[in-house]
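Since the structure comes first, as structure tokens, the remarks are kept for the end.
Indexing begins at 1, ligand by ligand and atom by atom, following the structure's order. The chain is numbered in sequence order, starting from 1.
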Amino acid sequence: MVDAAAPNGSLYVVSTPIGNLRDITLRAIDVLRTVDLILAEDTRHSRHLLDHHEISTPMLSYHEHNEARATATAIARLREGRDVALISDAGTPLVSDPGSRVVRAAAEAGIAVVPIPGPSAALAALVSSAISSERFTFFGFLARKGRERDDALQELSSLRHTSVLYEAPNRVAATLTELGARGAGERRVVVARELTKQFEEIHRGTVAELSAYYESSPPRGEVVIVLEGTTLQPLAEDELRSRARVMRDAGLSARDVAAALVREGGASRNLAYRLAHEA
Ligand code: SAM
């Protein structure tokens with residue numbers, strides 16, 4: 001696909017199935033057949049999909065460890081007027097998957113970036129969760145430990161709208177238990193497992209119920225967690241200030257007081273932090 005009138009090719013960001021190989025759009029198949037090169041996270045994995053749809057386009061591996069080099073190769077090909085497609089192992093590239101570097105480089109070079117939308121586990125889980133999809137925050141994978149994880153869990157437990165996160169199956173119980181400990185135990189949650197596959201399951205319950213359930217039988221396969229937002233009404237600032245003073249007088253650290261104001265008083269993190277330090 002080289003066009004003398006158009007010096008640059010186009011970079012297509014193509015969504016592929018998250019399980020069921022038939023979940024691919026007709027346009028995605030056309031694009032993958034006609035581009036000059038496919039950047040694929042794991043070429044062996046993607047070979048299966050491409051063979052299934054009789055696509056023989058050459059692939060180049062593009063993953064987090066060779067992103068810089070593969071990006072340079074792809075941009076050089078695009079500048080020659082060749083079209084390039086980007087796919088990941090499953091779902092939509094860049095959504096908790098590699099790809100941001102080549103998309104940014106293409107945009108900066110004035111190369112057209114064309115989305116070919118399709119499956120993503122986050123949206124598939126959200127729309128089958130029966131939890132409000134009007135507004136939501138996507139967290140991707142939480143940090144495994146440390147301050148970053150604490151902050152994310154704190155944010156998850158205080159958000160007033162829906163949260164969607166990816167989680168490894170052996171960590172589902174721990175994450176739900178930590179959310180319960182931060183006051184989210186009675187909230188509705190959905191564990192969406194193996195979407196579009198043979199053992200697809202949409203498990204609904206409260207955080208407390210599902211954390212107890214998965215503690216004794218960890219889920220198998222791939223998992224998305226959808227958490228309802230809190231309905232806790234925030235306390236007035238005066239009330240939060242006096243609670244902060246009581247807790248500080250009782251010897252709690254400013255950090256613990258701020259966390260309690262967020263968890264139990266519905267305060268924003270900034271306000272809680274300020275009141276805890278002023279108290
Ligand atoms: N880019 C992908 C997307 O658009 O969904 C996500 C890639 S991320 C590396 C992989 C995670 O997505 C899995 O650990 C799981 O949390 C979620 N996931 C992917 N496929 C899934 C499926 N069929 N069912 C449930 N979750 C899935």
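Within the 4.0 Å heavy-atom criterion, both parts of Leu195, backbone and side chain, lie near ligand 1. Only the backbone of Ala192 comes within contact range of ligand 1, with a heavy atom under 4.0 Å; no side-chain atom does. Contact annotation for Val223 and ligand 1: only backbone heavy atoms (N, CA, C, O) come within less than 4.0 Å of the ligand. Under 4.0 angstrom from ligand 1, there are no non-hydrogen atoms of Ala124. Residue contacts with ligand 1 for Lys197 involve side-chain atoms from C-beta outward but no N, CA, C or O (heavy atoms, distance under 4.0 Å).
Taking 4.0 Å as the cut-off between side-chain N and carboxylate O, Arg187 and Glu228 do not count as a salt-bridged pair. Ion pairing of Arg147 with Asp151 is present here, as a side-chain N (NZ or NE/NH1/NH2) and a carboxylate O approach within less than 4.0 Å. Looking at Lys197 and Glu222, a side-chain N of the basic residue comes within less than 4.0 Å of a carboxylate O on the acidic one, giving a salt bridge.
Taking atom 9 (C) of ligand 1 as the reference point, the nearest protein heavy-atom neighbour is Ser96 O, 3.2 Å. Of all protein heavy atoms, the one closest to atom 7 (C) of ligand 1 is Asp97 OD2, 3.3 Å. Looking only at protein heavy atoms, the nearest one to atom 20 (N) of ligand 1 is Glu222 OE1, 3.3 Å. For atom 2 (C) of ligand 1, the closest heavy atom belonging to the protein is Ala90 O, 3.2 Å. For atom 11 (C) of ligand 1, the closest non-hydrogen atom on the protein side is Phe141 CZ, 3.6 Å.
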Requested in this report: Could you give me the CA-CA distance, side-chain angles and deciding distance for Tyr62 and Glu67, then say whether side chain to side chain donor-acceptor pair (under 3.5 Å) is met?
Outcome: CA-CA 6 Å; Tyr62 178 101; Glu67 259 189 307; 2.9 Å; yes
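Here the side chain of Asp36 pairs no donor or acceptor atom with the backbone of Arg82 at under 3.5 angstrom. Between the His277 side chain and the Tyr273 main chain, a donor and an acceptor come within less than 3.5 Å of each other. Side chain of Ser10 to main chain of Tyr12: no donor-acceptor pair is present (N/O by atom type, distance under 3.5 Å, no hydrogens or angles).
Looking at residues two or more places apart in sequence or on another chain, you find a side chain to side chain contact (heavy atoms under 4.5 Å, CB included) between Glu178 and Arg149, Leu153, Ala174, Arg182.
With ligand atoms numbered from 1 in the order given, ligand 1 contributes 1 (N), 3 (C), 4 (O) to contacts under 4.0 Å with heavy atoms of Thr92. Contact atoms of ligand 1 toward Gly91: 3 (C), 4 (O) (distance under 4.0 Å to a heavy atom of the residue).
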